[in-house]
Asks: 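Let me begin by handing over the structure; questions about it come next.
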Amino acid sequence: MMLSFADSCSHSGQNKPSEAILFLNAFPLNQSMWDDQVAEFATTHRVVTFDWPGFGKSPTINDETSGRGMIPYAMAALRLLDHLSIDRAHICGLSMGGYGALALWSIAPQRIRSLILCDTRATSDNSDVRDGRLAMAAGVRRDGIASLADTMIPRLLGDSTISDSGSALKIVERIRKMISSCNPEGVARAQIAMAERSDSSDLLTSIGHDTGFNDAIRSLIIVGNEDKLTPPSEMTLLARAIPGSGFMIIEGAGHLPNIEKPLAFNRVMREFLESI
Ligand code: MLT
């Protein structure tokens with residue numbers, strides 16, 4: 001399966017950047033959620049974005065043999081790195097993108113140069129959350145995605161963003177457009193995959209330690225202070241569980257700090273990359 005992707009570099013010097021960043025998108029969005037980060041980091045890095053299978057322009061996964069939960073999604077990201085001949089990349093994943101990043105760490109840690117985990121979690125879901133996901137999967141298969149944006153937007157954005165008369169309309173429209181580009185079957189399969197994903201908590205110490213199977217890498221945890229889905233209290237626990245990880249809170253942002261507060265997000269991400 002070939003994913004829809006973009007491989008960007010706007011560096012003007014003679015020597016092309018040797019370091020690559022791979023961005024993994026949130027549910028139910030697409031790679032354009034990273035537009036502000038592509039503009040910023042393509043000046044210094046090779047920047048790769050792609051649509052998860054079934055989102056944006058990527059086809060849905062139809063290979064039932066490549067595993068359960070987030071593993072087929074991580075495999076798709078891995079195949080993209082292979083296709084682009086990228087040996088190792090900084091991986092930045094937000095929410096579902098973070099689940100995918102941890103799944104990638106579980107199968108191919110040697111391909112990861114550093115990890116930036118935003119507004120996400122390592123734990124799996126309790127039965128209520130799982131039931132909600134299966135209900136949404138059944139709902140979009142039955143009714144399509146017409147009402148998905150109205151359901152998701154208030155959950156995704158922080159109150160400061162929603163009440164900012166200057167920028168709310170533009171951000172809401174941008175998110176609405178991304179959600180409406182999703183394929184209902186892709187949304188359903190992603191919800192089922194997230195419901196089935198395994199708990200990654202036991203992996204977290206290996207990120208900051210040499211284990212023999214993997215080298216220790218640097219990591220950064222980022223969260224919007226108004227995130228209702230993965231609040232800072234939960235992200236603090238994630239940061240504490242990864243030895244040596246950085247922890248940055250983006251003020252005035254909800255679950256999508258890279259969209260809601262792109263300048264602050266880009267600043268902390270750049271400081272982190274420059275510190276490696
Ligand atoms: C996301 O933003 O990717 C979703 O909130 C992930 C989830 O439903 O757990």
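We're numbering straight along the sequence, starting at 1. We count ligands from 1, going down the list as the structure has it; atoms in each ligand are counted the same way. As the structure is a prediction and not an experimental result, all values here were calculated from the model.
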Asks: To the nearest 0.5 Å, what is the distance between NE2 (His11) and CZ (Arg46)?
Replies: 14.0 Å

Asks: Can you tell me if Arg155 contacts ligand 1 (heavy atom of the residue under 4.0 Å from the ligand)?
Replies: no

Asks: Which protein non-hydrogen atom lies closest to atom 4 (C) of ligand 1, naming both residue and atom, and how far is it?
Replies: Ser95 OG, 3.2 Å

Asks: Distance check, rounded to the nearest 0.5 Å: Ile217 atom CD1 versus Asp210 atom CG?
Replies: 11.0 Å

Asks: So which atom in His90 and which in Ser114 form the shortest heavy-atom distance, rounded to 0.1 Å?
Replies: ND1-OG, 2.7 Å

Asks: If you have a sec, work out which protein heavy atom is nearest atom 8 (O) of ligand 1 and how many Å separate them, to one decimal?
Replies: Arg133 NH1, 2.9 Å

Asks: Does an N or O from Leu229, backbone or side chain, lie closer than 3.5 Å to an N or O of ligand 1?
Replies: no

Asks: For ligand 1, does Gln191 get within less than 4.0 Å through its side chain, its backbone, both, or neither, judged by non-hydrogen atoms?
Replies: neither

Asks: Looking at Met96, which atoms of ligand 1 are within less than 4.0 Å of one of its heavy atoms?
Replies: 1 (C), 3 (O), 6 (C)

Asks: Hydrogens and angles aside, do Gln37 and Asn258 bring a side-chain donor and acceptor to less than 3.5 Å of each other?
Replies: yes

Asks: Polar contacts were defined as any N/O atom of the residue lying under 3.5 Å from an N/O atom of the ligand; does this apply to Met194 and ligand 1?
Replies: no

Asks: Evaluate Arg121 for polar contact with ligand 1, using N/O atom pairs at a separation under 3.5 Å.
Replies: no

Asks: Checking side-chain contact (heavy atoms from CB on, under 4.5 Å) against Leu115, which of Ile91, Ile221, Ile242 comes through?
Replies: Ile91

Asks: Rounded to the nearest 0.5 Å, what separates atom CE in Met194 from atom CE in Met70?
Replies: 7.0 Å

